[in-house]
J.: 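The structure's right below; bear with me while I get my questions together.
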Amino acid sequence: MKRFKRLTALVIAFMLAVGSFCIGDGATKVRADETPMLISTRLAEGAKAHGFTLKILTAEEAEDGYLQVWEHDKTGAKVYMLVNSDPERAFGILFKTEPSDDTGRLHILEHSVCAASEKYPGLDVFFDLSSQGFITDINATTWHSSTNYYVASLDEQELMNSADYYLDCSFHGAVRNDPNYFYREAWRYVLEDVNDPLTVTGVVYNEMKGSLSDLDSFTLNYVFRHLYPGSNYAYISGGVPDTILDITYDQLIKFYNECYHPSNCSVLVYGDINYDKWLEKFDSYFGEFEREEFHAPEKYVPKGNYGIVEDKFPVAANTEDLSGRLLYIWDLPDDLSYVEYNALSLLANYENEITSPIMQALNASGIGSAYVLSPYTLGDQRQFLVYAYDADTSRAEEFKKIVDEQFAAIVKSELDKETLDCMFEEEALAEELALNTNGIGVSTVSAITRAIEAQDIEGMILEEDLMGKLGAIFDENKVLPLFEKAVVKNKNNLLYAVTPEPGLAEKNEAALAEKLAAKKAAMSEKELKKLVEQTKAYNEWNSAEGTNDETLAKLVTVDPGKLDITAPVYDTKRTEKNGVTIVTANIDSDVSFYRYSFDISNLNKKQVRYLNEYIGCLGLSTTTRTQEQVSNDARKYVNNFSARIASQEVNGKEVPSLVVSFYAFNDNLENALDHVFDMLYNTDITDPYNAAYIGQMATYSLGTYSDPGTVNGILQYAAGASTSYSMALSWYLNGITEYNFLKEAISSDEGFEQYLVGMSNSMKNVVKRQNCVIRVVGSEESRKASVDSMLARLPKKNKTYKAGTVAKIGEKSKNIKTMALEMNTQAGFLMSLYSGDNSDVKELAAEMVALSFMSNAVYIPQFRYVLGAYGAYCGATSDGMVYAQLYRSPEVIGPYADILTTPDMLEAYAPMIEDYMDGFKLQLISQLITPTGKWNMASTELYYLAAGDGNSPEYDIAAAIRALTVDDIIAAVPAVREAYENMGTAVIAASEEISAAGDMFDKVYILK
Ligand SMILES: [Zn+2]
């Protein structure tokens, strides 16, 4: 499934980017208790409180909660309150901000504003709060026309403390009086000694270097240069590294004073909250300001067709993969309604099916490896796009012609009624599940802020019957005329063709080095000395004591000793039947979760690889169903279907397994199982159309290996492969051997033929009765029906069952402790990881606190503030993993040597942890006890039940953390030392850095 999932994920990413997340009929329906809070919020529109007037009050059912929209009488600031009974509450504040250059000032401001404030002084209170507060999530984002800050907590007072922090930062930011925050977050010259070369660093500077080294990110940022020339939409709000160097501290502060004003802001509160207390809080900040007029963003006047625009993406001279991106994009008309926009989104979804004529035509062309149609949004401007991955950009003209012809055909086509019905049914199941995950508050706050940004707030929040209205557009055949008008006949479009240019990366590097050398040469002796002084002064400021205790004491008021840590109890049962292990949890619901795992330890390595390829193709037509039938059944009967190969613990043993899981409505179980088994047994690999598609997906997968962002996703397997079987298996299936395997498979007709045959045969020895584990979370009937049906479907016990070589995967990786992946990137990534078998709860708890402390006390100051890396962390997880990580860092080799000294530093620091311990305890406990939805939590419980370990350890670890003393931390130092001494390490970096490291790596792979 992974390839299909990747594509789906891309579609979803596009959808999320446009904020098509539905609030009105979903997110508020959490935990349906009628609380006194809800009753007390039954006000009437026009009600007054603390200088605010209630403008809008939704008339939803009481148990779903209310949306209140308040306006501050004096300043006009808006307050959106979604009051319901969710204990994971969230707060957000948004300012309308718009770039008018590429200096990234909005983004720099976002970083430096939330660092500290007058009332809350410190070096970086944001990071202290995120590592030591009782909060479940905290972050800030810069979109094209807004800047948002948000935080969530399981405690209302703690949330209000953090909100107070954000409010004080917004209106009394410490950056106003101290340029060091600017030097750290934006950029600064570094000159330790007059004889050193002059260099430059800064967090946003490095973040954007990393971000724009990604071809997709580059394409989706730079295309607006050409679609909206001469307007603010043409600028990159995150900043362009070279241009970031143009902004000064004074310019930033001027901009801060202009934008961070109540009349230009909206705040949001979500969950089980007391609206009155919050309004009082907001008024205490807004009241000191006078109302000001802020203008809506300038409207863009479309200037017509820009034809084909070509651009170059910088890569290193010896780069082999020169495939690029083709992006055909339309600026959608401003008068498109929210419902119409979502209708286009559904149509795009419909046309993204691999059987649609447009996908068939594009796939047959061989121009790219994968394609997607999607709506998109930038600030309040909306677009529609067709995107081609790994494209031969010299065929841009042909690509355009195919899309134009197919779009004309879509307008004249007839949409398949059954498919549309299935798409709407799919929504019903997804909605049922969406209400039972964690982080709903943060998603809601984030979706509302996007809607405010897109000036769509009315449409998004107050649209009561979005699905009904969408249904009507399709029922009345209005969607194709809409598509024709908004896209097909719309002349405001262009085709953007981005091609990697070998050698351009070196050229850019050299130009920067030259610029810095010239800058230095032009400086007088005195100026140079001053710069050395400044570098020293910055480092001193930075190495000062962190946030003072008073600041944190004001913000963190929960006492960890008083926290209620009670694990939820699930009605679970474990039985064995004819060799099948069955574990179930009873949950009263219309939807159940099913997970089946099949022991595959009888397979050899090659068979496992083919099986892994085969399950990547599930969803294609089978020998009994057409593609349309498979796709429609998938929509109607299952949700979140996944098939993967992973090591699972069963009865105390690591078992390589094929794991299949999905959600289904209880009364659809038989249909769901029919669908799943047909895919597992009968997916038609050799059907010519499927075969061609599989070839293309292999090319697409191969293409993802040259993207540092994607490869960073598998870096943990690379690092952990030498330390655990589970990681080694994942690395074997997703890492370099997979890359080489795919390369081989598509290199010749014979190779490809063999690839298909291998896949076709791969399921033969897998799904057997004696080695199956069934896990079901659901109602009593669905659990029984599922087990009976499953047992009836499984082949009887087979006679020959011998261990294959799959258990030997990873033996070779044991000798590769350090690995480098040489890639085209302007920023480096590092992951060091030890995945041991630690089941000592107290020791794990102590390691978690100790490393979380080290992350905050050493990694962030040293690697983020001094070096300028965007991310730097170390930690331990509840399943016994110990890790250290660098993300988008200007260098990785030097810092690695420092990372290795972590246990020594911990030994020195451990006796002094006392004063900080409560904060770190709170943060870790908060992460461990946040509810993640009943299906999820019960199914985790079932994993441990089948493993033979009893219960999921999260709550035990949380309770152990609560009871930790300094002596426990000191006692855990040897365990941390052992983990660091046995860690595996993998890095992604540019060639120069890796070759300069000499022979420190056991293995170097080149991926570009
Ligand atoms: Zn950032």
J.: With F171, which of Y260, Y256, F289 fulfils ring-ring contact (aromatic ring centres under 6.0 Å, His included)?
T.: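 Running ring-ring contact (aromatic ring centres under 6.0 Å, His included) over Y260, Y256, F289 with F171 returns exactly one hit, F289.
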J.: Counting distance only, does the side-chain N/O of N206 pair as donor-acceptor with the main-chain N or O of G868 below 3.5 Å?
T.: yes
J.: Got a salt bridge between K515 and D242, using NZ or NE/NH1/NH2 to carboxylate O under 4.0 Å?
T.: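 Here K515 does not pair with D242 in a salt bridge, since their nearest N and O are not under 4.0 Å apart.
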J.: If the condition is salt bridge (Lys or Arg N to Asp or Glu O under 4.0 Å), which residues does K507 pass it with, not counting sequence neighbours?
T.: none
J.: Ignoring hydrogens and geometry, is there a side-chain-to-backbone donor-acceptor pair from K209 to T825 under 3.5 Å?
T.: no
J.: Which value, rounded to the nearest 0.5 Å, describes the distance between F224 atom CZ and L494 atom CG?
T.: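 Those atoms lie 9.5 Å apart.
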J.: Which of parallel (below 30°), tilted (30 to 60°) and perpendicular (above 60°) describes Y300 and Y233?
T.: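 Answer is perpendicular, since the angle exceeds 60°.
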J.: Indicate yes or no for a side-chain donor-acceptor contact from S211 to the backbone of M208 under 3.5 Å, with no hydrogens or angles considered.
T.: no
J.: Give me the one residue out of Y181, F182, Y865 that meets ring-ring contact (aromatic ring centres under 6.0 Å, His included) with W541.
T.: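 By the ring-ring contact (aromatic ring centres under 6.0 Å, His included) criterion, W541 pairs with just one of Y181, F182, Y865: Y181.
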J.: Does L512 reach the side chain of L245, with side-chain heavy atoms less than 4.5 Å apart?
T.: yes
J.: Please collect all salt bridge (charged side-chain N to carboxylate O under 4.0 Å, His left out) contacts where either partner lies in residues 102-112, sequence neighbours excluded, each pair once.
T.: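 Residue pairs with at least one partner in residues 102-112: D102-R225.
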J.: Is the backbone N or O of T75 less than 3.5 Å from a side-chain atom of S263, with the two atoms forming a donor-acceptor pair by type?
T.: yes
J.: Going by an N to O cut-off under 4.0 Å, is there a salt bridge joining K554 and E550?
T.: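 The answer is no: the pair does not qualify as a salt bridge.
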J.: Under 30°, 30 to 60°, or over 60°: which ring-plane class applies to H72 and F286, parallel, tilted or perpendicular?
T.: perpendicular
J.: Report all side-chain donor-acceptor pairs from residues 290-297 shorter than 3.5 Å, counting only partners two or more places apart or in another chain.
T.:
unit_1, atom_1, unit_2, atom_2, d
R291, NH2, D73, O, 3.1

J.: Between R450 and E453, is there a salt bridge with N-O shorter than 4.0 Å?
T.: yes
J.: For F218 and Y222, take the angle between the two ring planes, folded into 0 to 90°, and tell me which bin it lands in: parallel under 30, tilted 30 to 60, perpendicular over 60.
T.: tilted
J.: Does a salt bridge link E185 with R864, judged by any charged N lying under 4.0 Å from a carboxylate O?
T.: yes
J.: Describe, in one word, how the ring planes of F95 and Y149 are oriented to each other, choosing from parallel (under 30°), tilted (30 to 60°) and perpendicular (over 60°).
T.: perpendicular
J.: Could you tell me whether a side-chain N or O of Q381 sits under 3.5 Å from a main-chain N or O of D331, the two making a donor and an acceptor?
T.: no
J.: When the ring planes of F126 and Y166 are compared, do they come out parallel, tilted or perpendicular, using 30° and 60° as the limits?
T.: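 Aromatic pair F126/Y166 classed tilted.
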J.: Should the ring pair Y496 and H226 be called parallel, tilted or perpendicular, given that the plane angle runs from 0 to 90° and is split at 30 and 60?
T.: tilted
J.: Describe, in one word, how the ring planes of H172 and Y285 are oriented to each other, choosing from parallel (under 30°), tilted (30 to 60°) and perpendicular (over 60°).
T.: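 Because their plane-to-plane angle lies in the 30° to 60° range, the rings of H172 and Y285 count as tilted.
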